[in-house]
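Please read these numbers as outputs of a predicted model, since none were measured by experiment. To find a chain, count down the sequence lines: A is the first, B the second, and so on, and within it residues start at 1.
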There are 2 protein chains.
Amino acid sequence: MNYQIELRHFIYFLAVAEELHYRKAAEKLFISQPGLSTQIKQMEEILGTQLFVRDKKKVQLTPAGAYLKKEVEFILNHLDQTKKQVKLIGSGQMGEVRIGFLGSAMQSVVPDLLLQLKEKFPGVHTTLEELSNRSQINAILADRLDLGFVRLARVPKGLEVKSVFEDTFSLVLPEDHPLDERDFKHIGQVANEDFILFSQDYSPMYYDTVLSICEDRGFVPNVSHKSVHAQTIFKLVENKLGIAIVPTTLQHGFQMKVKFIEMKNIKQRAVLSMVWKSDNRNPALQNCMDLLLKL
Amino acid sequence: MNYQIELRHFIYFLAVAEELHYRKAAEKLFISQPGLSTQIKQMEEILGTQLFVRDKKKVQLTPAGAYLKKEVEFILNHLDQTKKQVKLIGSGQMGEVRIGFLGSAMQSVVPDLLLQLKEKFPGVHTTLEELSNRSQINAILADRLDLGFVRLARVPKGLEVKSVFEDTFSLVLPEDHPLDERDFKHIGQVANEDFILFSQDYSPMYYDTVLSICEDRGFVPNVSHKSVHAQTIFKLVENKLGIAIVPTTLQHGFQMKVKFIEMKNIKQRAVLSMVWKSDNRNPALQNCMDLLLKL
DNA sequence: CTATTTGATAATTCATACTTATTGATTATT
DNA sequence: AATAATCAATAAGTATGAATTATCAAATAG
């Protein structure tokens, strides 16, 4: 007596509402006519409303039934759509990948990667946020971010890393600096100049690497300024407040009165890595990683 | 193996998605925890998509699950609304009553009736259409109309009639016509004038009644013009092309250079009747009739 | 280490959506 | 008018599967 409406009822109802004939509707549904009759009757009881008028060889919708038909059509269609959508999201063909990146990553791999992702998974939407190494790690651990582009030697347990780009370092000098690309042999030639570097806590790895480059030449650099923005660093160099050492790809995208000298013959490299959570459940990320790890 | 999604699944799913705890969700649903577990699992199998992540004391939604939750909430809410609406329509508190009327009914009862209906059943919408007697009857029989206001002595089988308003007839004369209300005794005084009447096929009853009024005074009127519009008839009278006999209430709502002389002491009346189908299934009409028959 | 909590299995029960067989009512056919 | 055909509703019985209880393995807390 205290039944509940089910989708089965709606599907049966719709068949009868379309055919206006119990036997034909039952055949279409591959069930018996008596079964259909009782189910429709039960549905009317649950709703407390008559949906069909059956008198003298005729089955017709009541106004309430006509209204319900329209709504049931809508609901079933919407449900179909939802089921498809759930599958797409579940299989990662649709969804959102939240990406964090270090400013310096924007000059190299990230734009290309986004392009490939868009092409391969047009349904996957990406959000981008420029963050420090540390912020990215925290965000990934807290599930606020799916993927990060960082410069770090080590990452906390539970995260996976893969280096995606190895960049040489370049010396950044004012345009009219006496040292020229042809004359350049090693960093020891500018050991006495002031150095402008990225902040240590913005990227400890970068900082350590730059120090090791100097160490290999037997000196400790005099770091006069630190910044988190390449823009700022270049501006300071332009104004002759010091010289800088940055990943080579950073030279693109800026219009400054500075010159870059690539240091190809040192072993150190600026390594950019992807970081993500090992057990991230975002299927869109899974697909994304399948694509990225192939490159 | 080849099951079908049911509303039950959605309700269970929503409970788990809200509680993020199987036992608590099961308690809320008044079912056992194992039952809930298997149903959710089945749902995931049907959809071919994982909806929850259960690992190490934690239950969480996958992106697909989060999407589905939003949609399920919408669907269940919409369904609730639909069920309520169906009940309202089924009980006649909401719906549409399609009303037809003779032009002359608009001057007497119809507007008042609509007002009362609106007040008593604010959910019931009415549509109005001015139609001839015959058109109304046909429309009611074909179920294009729920209720008609006609002037007819008899209606086809299967229809019900009830007279709602009895109007006296009035003589319509040009404003400067020699005959005055004080001098008026009976219609025989204008027996020699031309008469302008409503067309016979627009309302046979009216036509017959007018003829019988004249007959009672021993003459057959000379009908010079016929029309279906009161407006036209009055205009013709104004221009002295004849005199007319119309239901008294028609004098309201027109601005014409004509005068009305009410003929109170003849037995004939202009009877306005409601007509509807005995087995009309529109519950809104049922309610409407309950109200109207009390007046 | 033990006690408690979690969700998942296993076995069983029970509700009910189905089936087939039939009826009563209406319409079409001769 | 009598018969046949067709409709949906009803009755009785069956079988599917959603529930139950009992239990487990894994994890956490005291």
Can you pull the ring pair (Phe, Tyr, Trp, His ring centres under 6.0 Å) pairs that have at least one residue in residues 21-48 of chain A, sequence neighbours excluded? none
Test side chain to side chain contact (heavy atoms under 4.5 Å, CB included) applied to Ile5(A) - qualifying residues, sequence neighbours left out: His9(A), Phe10(A), Met43(A), Ile46(A), Leu47(A), Leu7(B)
Does anything in residues 15-24 of chain B reach DNA chain C, meaning a heavy atom under 4.0 Å, and if so which residues? His21(B), Tyr22(B), Arg23(B)
Which part of the nucleic acid does Phe52(B) contact within heavy-atom distance under 4.0 Å: base, sugar-phosphate only, or nothing? nothing
Can you tell me how far CG of Leu20(A) sits from CG of Leu61(A), rounded to the nearest 0.5 angstrom? 5.5 Å
With sequence neighbours excluded, tell me which residues meet side chain to side chain contact (heavy atoms under 4.5 Å, CB included) with Glu160(A). Trp276(A), Ser278(A)
Neighbours of DNA chain C within residues 29-44 of chain A, by heavy-atom distance under 4.0 Å: Phe30(A), Ile31(A), Ser32(A), Pro34(A), Gly35(A), Gln39(A), Gln42(A)
Once side-chain hydrogen bond (donor to acceptor under 3.5 Å, both in side chains) is applied, do any residues pair with Ser132(B), and if so which ones, sequence neighbours excluded? Ser135(B)
Sorted by first residue and then second, give each ring pair (Phe, Tyr, Trp, His ring centres under 6.0 Å) pair with at least one member in residues 60-102 of chain A; sequence neighbours left out. Phe74(A)-His78(A), Phe74(A)-His78(B), His78(A)-Phe74(B)
For Ile5(A) and dT16(C), give me the distance from atom CD1 to atom P, rounded to whole Å. 15 Å
Could I get the full list of ring-ring contact (aromatic ring centres under 6.0 Å, His included) partners for Tyr202(A), not counting sequence neighbours? none
Give every residue pair that meets the ring pair (Phe, Tyr, Trp, His ring centres under 6.0 Å) criterion with at least one member in residues 120-151 of chain B, sequence neighbours excluded. none
